[in-house]
Amino acid sequence: MANTAQSKKRARQNEARYAVNKQRRSRIRTFLRAVEEAIASGDKDAAAAALKAAQPEIMRGVTKGVMHKNTAARKMSRLAARVKAIG
């Protein structure tokens, strides 16, 4: 457990940051799940709309430090390819 005032403050900051980042990750996953469900249903228009809504959320995760830039790019690329492949 933290002993010094500085380490106690850092522990509080880490806890707060963890809570915020957890919410951000959850929000991103929700948007990704919506795209996955639209792809599974086979509705290309719905999938494209869901992907369009998810892209800014994913990139926001990158700017907030929740996700690495290359990870976000890879996810968007793979989702876009899957949406495009819907007949």
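- Enclosure of atom CD in Gln6 is not indicated, since only 12 or fewer non-hydrogen atoms of other residues, nucleotides or ligands lie within 6.0 angstrom.
- Partners of Glu15 by side-chain hydrogen bond (donor to acceptor under 3.5 Å, both in side chains), not counting sequence neighbours: none found.
- Here salt bridge (charged side-chain N to carboxylate O under 4.0 Å, His left out) pairs that include residues 36-45, with residues two or more places apart or in two chains, are Glu36-Arg82.
- A distance of 7.5 Å separates CZ of Arg29 from OG of Ser26, quoted to the nearest 0.5 Å.
- Hydrophobic side-chain contacts under 4.5 Å tie Tyr18 to no other Ile, Leu, Val, Met, Phe, Trp or Tyr residue.
- Leu32 forms part of a hydrophobic cluster together with Ile28, Val35, Ile39, Leu51, Ile58, Met59, Val62, Met67, Met76, Leu79, Val83, Ile86, judged by ILVMFWY side-chain heavy-atom separations under 4.5 Å.
- Qualifying side-chain hydrogen bond (donor to acceptor under 3.5 Å, both in side chains) partners for Ser77, counting only residues two or more places apart in sequence or in other chains: none.
- Here the closest heavy-atom approach between residue Ala47 and residue Ala38 is recorded as CA-CB, 3.4 Å.
- Sorted by first and then second residue, the pairs that involve residues 48-76 and meet salt bridge (charged side-chain N to carboxylate O under 4.0 Å, His left out), not counting sequence neighbours, are Arg27-Glu57, Glu57-Arg60.
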